[in-house]
Peer 1: 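Take a look at this one; I'll ask things after.
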Amino acid sequence: MRSETVKRGYQRAPNRALLRALGITDREMEMPFIGIANAYNNIVPGHIHLRSISQKVQEGIAAAGGVPFEFGTIGICDGIAMGHEGMRYSLPSRENIADAIELMVEAHRFDGLVCLGTCDKIVPGMLMAAVRCNVPTIVVTGGAMLPGFAAGRELSLIDVFESVGRVAAGTMTEEDLGEIECAAMPGCGSCQGLYTANTMACVTEALGLSLPGCAAIPAVDAAKLRIARESGERVVGLVREDLRPRNILTPGSLSNAIRVDMALGGSTNTVLHLMAIALEAGIPLDLETFSAIGEETPHICHMMPGGPHSMLALYRAGGIPAVLKRLEHLLDDAPTVSGRSILEIAKNARIADPGVIRSTDAPVSPAGGLKIVRGTLAPDGAVVKCAAVPEAMWRHRGPARVFDGEDAAMNAILKREIAEGDVVVIRYEGPRGGPGMPEMLSPTSALMGLGYARVALVTDGRFSGGTRGPCIGHIAPEAAVGGPIAFVEDGDEIEIDLYEKRLDLCLDPQTLKERQKGWKPPERKIAGVLGRYARTVEQANHGAVQR
Ligand SMILES: CC(C)(O)[C@@H](O)C(=O)O
Ligand SMILES: [Mg+2]
């Protein structure tokens, strides 16, 4: 056992003395030590219930003959951090979480690990750590919030964001917005649609790193407590079998995860996170792989924000096992933490609602929900959730309206200075430029709420999983490193063609060269974590990982 390093032999008497100070008995000294990385805090709605889930994990570990040791990691609520300076800190928190878990697991020589987290950067950071440390690990995701309800319809956080645009347009009163604000978010769990947190939970299950069914169980459902208990029991089995994350995370399981993501129409952020996770395992994963799998995988679940279905609907329809069943003919067989292979799980699943989890013969769309686009504006690629783009906007050409930074764009949008047909360009918001590649749900939702039908938005920053409309993000190279997006001027024509997967700046190469002459990155002195991040972060097409 790995933990023997801290507990065997007379030289380790001091280490054991400290373990005894925790109440560890002689019998427990012989058992596997299991770390629980619990991202509980009481500022993130997705995390406020994690203590009770952790309790069940701990009971499961003890019942199976392990000793649970709980420690904390940070967790940021992207929704509370949205629309201001705070959002720059969100993506960097992913690396902090991965590092924090590595530090704890390595220092204390845990034999196994349970990762307990819910929201956008927490689950990816946990997966990175699991693969990096490569001790037997199970991930328990905290589950989605129930939908809110007001004026006869279900609500999610995105209704609140989009209603801001309605108030700006004068089509909604502030009083009505207040009613939605109070009704949309009825308790614990991640935001209700297939936004980033829930997409990452689904991807984790498809990777084989959560027990089957875990991702879609709502935060408040007792089934989550039961699967937490089972996960605690099972991690002790994984230690005994020596089944480790890198036995489970393989090119095959990564491809299954991307397929599930494509079939669901998941968040654009998964592209960054899956690349970062693959990198930890030393598995090459590039944008082309996403593109190729996207071409072969039909989009079969019309999930929010592009479609009507919430995570609760996906749960009731059969959850990820049912989605896997639909995709059975496309999956690579791969082991999972459950001890059953992914194909066994798929075969034994039941599709309870074929209206929510459609067959691949009658899909929402014949190709996957995400596309990788390239062109003269994005030579190294960009990402779009085509599942949430109305087909009328799959081809669009319009004049650029250029903004350095999100704030300037948001002001212009709310003042209705954008005209139908425009292509809003938000730059200097990339991994280095932000820094932190902020997610820009406020401007994309405002455009929706204001009722624009033919305005596109392109950026070197990121989007929320809740962003809908013709929004292309992750443009690489970003403006801060001199990518072509830095040289766009108001009125330049930008052409989008999602059928051909193109994003072009319609400018003759000579003019572009002229504009590039003498360009220097803007000089800025940034202190603290963001300064460090800006110096070491890679471009979005390499997962925006920190080196
Ligand atoms: C606030 C949200 C909806 O969680 C967003 O941050 C996302 O990425 O989905
Ligand atoms: Mg987010």
Side-chain angles (χ1 to χ4, degrees), residues 39 43-48 74-84 86-94 97 117-126 141-148 155-164 180-181 184-185 188-204 215 219 261 264-274 276 303-307 309-311 314 369-370 383-385 387-388 406 429 431 434 436-446 448-449 459 461-469 471 473-474 540 544:
I43 179 68
V44 182
H47 288 220
I48 43 171
I74 63 160
I76 287 176
C77 173
D78 271 15
I80 298 174
M82 194 75 69
H84 52 82
M87 183 37 83
R88 306 191 189 294
Y89 293 83
S90 170
L91 187 58
S93 76
R94 181 187 74 182
I97 291 159
T118 312
C119 288
D120 297 16
K121 309 304 171 303
I122 298 94
V123 172
M126 288 178 160
T141 47
M145 195 185 292
L146 295 179
L155 296 169
S156 90
L157 182 69
I158 303 309
D159 293 289
V160 195
F161 270 101
E162 294 191 1
S163 296
V164 172
I180 289 178
E181 170 190 324
M185 310 302 280
C188 64
S190 47
C191 300
Q192 300 96 332
L194 187 74
Y195 313 142
T196 307
N198 296 326
T199 314
M200 281 310 301
C202 296
V203 157
T204 305
D261 193 4
L264 293 170
S267 167
T268 43
N269 289 306
T270 55
V271 176
L272 295 176
H273 300 326
L274 281 166
M303 304 293 293
M304 290 153 60
H309 304 308
S310 65
M311 276 305 282
L314 184 69
L370 296 173
V383 182
V384 55
K385 186 195 273 192
E406 177 186 7
E429 293 289 17
M437 207 184 176
E439 168 171 311
M440 288 180 277
L441 182 56
S442 299
T444 65
S445 302
M448 287 294 122
T459 180
R462 287 186 302 126
F463 297 124
S464 159
T467 288
R468 64 188 179 99
C471 303
H474 305 201

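For reference, positions follow the sequence shown, starting with 1. Order of appearance sets the numbers: ligands from 1, and atoms from 1 within every ligand. Values below: every heavy atom of this structure, side chains too, minus hydrogens, waters and symmetry copies.
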Peer 1: Return the closest protein heavy atom for atom 6 (O) of ligand 1 as residue, atom name and distance.
Peer 2: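 Here the nearest protein heavy atom works out to Glu439 OE2, 2.2 Å.
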
Peer 1: Start with the C-alpha gap between Thr199 and Ser267, add the side-chain angles, then the distance that decides, and say whether side-chain hydrogen bond (donor to acceptor under 3.5 Å, both in side chains) holds.
Peer 2: CA-CA 6 Å; Thr199 314; Ser267 167; 5.1 Å; no

Peer 1: Within ligand 1, which atoms have a heavy atom of Gly466 less than 4.0 Å away?
Peer 2: 9 (O)

Peer 1: Taking only heavy atoms of Gly79 into account, list the atoms of ligand 1 that are under 4.0 Å away from them.
Peer 2: 1 (C)

Peer 1: Any nitrogen or oxygen of Ser267, side chain or backbone, less than 3.5 Å from one on ligand 1?
Peer 2: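 It does not: no N or O of Ser267 is found under 3.5 Å from an N or O of ligand 1.
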
Peer 1: Pair Asp78, Lys121 - check salt bridge (Lys or Arg N to Asp or Glu O under 4.0 Å), show working.
Peer 2: CA-CA 9 Å; Asp78 271 15; Lys121 309 304 171 303; 2.7 Å; yes

Peer 1: Measure from the side-chain N and O atoms of Thr118 to the backbone N and O of His47, and report whether any donor-acceptor pair falls under 3.5 Å.
Peer 2: no

Peer 1: On a heavy-atom basis, I'd like to know which of Asp78, Ile76, Asp120 is closest to atom 7 (C) of ligand 1.
Peer 2: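 Looking at heavy atoms only, Asp120 sits closest to atom 7 (C) of ligand 1.
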
Peer 1: Using a 4.5 Å cut-off on heavy atoms from C-beta on, say whether the side chain of Thr270 contacts that of Leu370.
Peer 2: yes

Peer 1: Looking at ligand 1, does any of its N/O atoms fall within less than 3.5 Å of an N/O of Cys191?
Peer 2: no

Peer 1: For ligand 1, which is the ligand I care about here, please tell me if Tyr195 has any N or O atom under 3.5 Å from one of the ligand's N or O atoms.
Peer 2: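 Not met; the criterion fails.
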
Peer 1: Taking only heavy atoms of Met82, which atoms of ligand 1 are found under 4.0 Å from at least one of them?
Peer 2: 6 (O)

Peer 1: State whether Glu429 and Arg88 are salt-bridged, where the test is any N-O pair (Lys NZ or Arg NE/NH1/NH2 against Asp/Glu carboxylate O) under 4.0 Å.
Peer 2: yes

Peer 1: Under the criterion side-chain contact (heavy atoms from CB on, under 4.5 Å), which of Arg94, Glu439, Met200 is the partner of Asp120?
Peer 2: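 Of all the options given, the one that passes is Glu439.
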
Peer 1: What is the name of the N/O/S atom of Asp120 that is nearest to the Mg ion (ligand 2)?
Peer 2: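 This residue's closest N, O or S atom turns out to be OD2.
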
Peer 1: For Asp78, what is the atom name of its N, O or S atom nearest to the Mg ion (ligand 2)?
Peer 2: OD2

Peer 1: Got the closest protein heavy atom to atom 3 (C) of ligand 1, with its distance?
Peer 2: Ser464 OG, 3.6 Å

Peer 1: With heavy-atom distances below 4.0 Å as the criterion, list the atoms of ligand 1 near Thr196.
Peer 2: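 With Thr196 as reference, the close atoms of ligand 1 come out as 7 (C), 8 (O), 9 (O).
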
Peer 1: Checking the side chain of Gln192 only, and the main-chain atoms of Ala184 only, is there a donor and an acceptor separated by less than 3.5 Å?
Peer 2: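 Checked: pair present.
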
